[in-house]
Amino acid sequence: MSVYEMAKKYYPRLWPLERLGKLLELGRITQEEYDEIVGEGGDE
């Protein structure tokens with residue numbers, strides 16, 4: 001399972017925005033992937 005797939009699965013329940021931001025900063029996920037993940041789970 002890729003980092004993107006795990007982030008998508010575990011946000012926001014286990015992986016908060018701070019963790020996703022760190023993954024983005026480290027280049028583990030792209031800005032597009034970040035936006036997609038946050039947009040999907042942001043209403044929960």
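Hydrophobic cluster membership differs between Val3 and Leu26, with clusters built from Ile, Leu, Val, Met, Phe, Trp and Tyr side chains linked at under 4.5 angstrom. By the criterion of side-chain heavy atoms lying less than 4.5 angstrom apart, applied directly or through intervening Ile, Leu, Val, Met, Phe, Trp or Tyr residues, Met1 is grouped together with Tyr11 in one hydrophobic cluster.
The existence of a salt bridge linking Lys8 and Glu5 is excluded, since no basic side-chain nitrogen approaches an acidic carboxylate oxygen closer than 4.0 Å.
Side-chain contact between Ile37 and Tyr4 is present, with heavy atoms from C-beta onward closer than 4.5 Å. The shortest side-chain heavy-atom distance between Leu23 and Trp15 falls under the 4.5 Å cut-off.
Interatomic distance, Ser2 OG to Arg28 CZ, rounded to the nearest 0.5 Å: 9.5 Å. Once rounded to the nearest 0.5 Å, the distance linking CG of Leu24 with NZ of Lys22 reads 11.0 Å.
The shortest heavy-atom contact between Tyr34 and Leu20 is CE1-CB, 3.6 Å.
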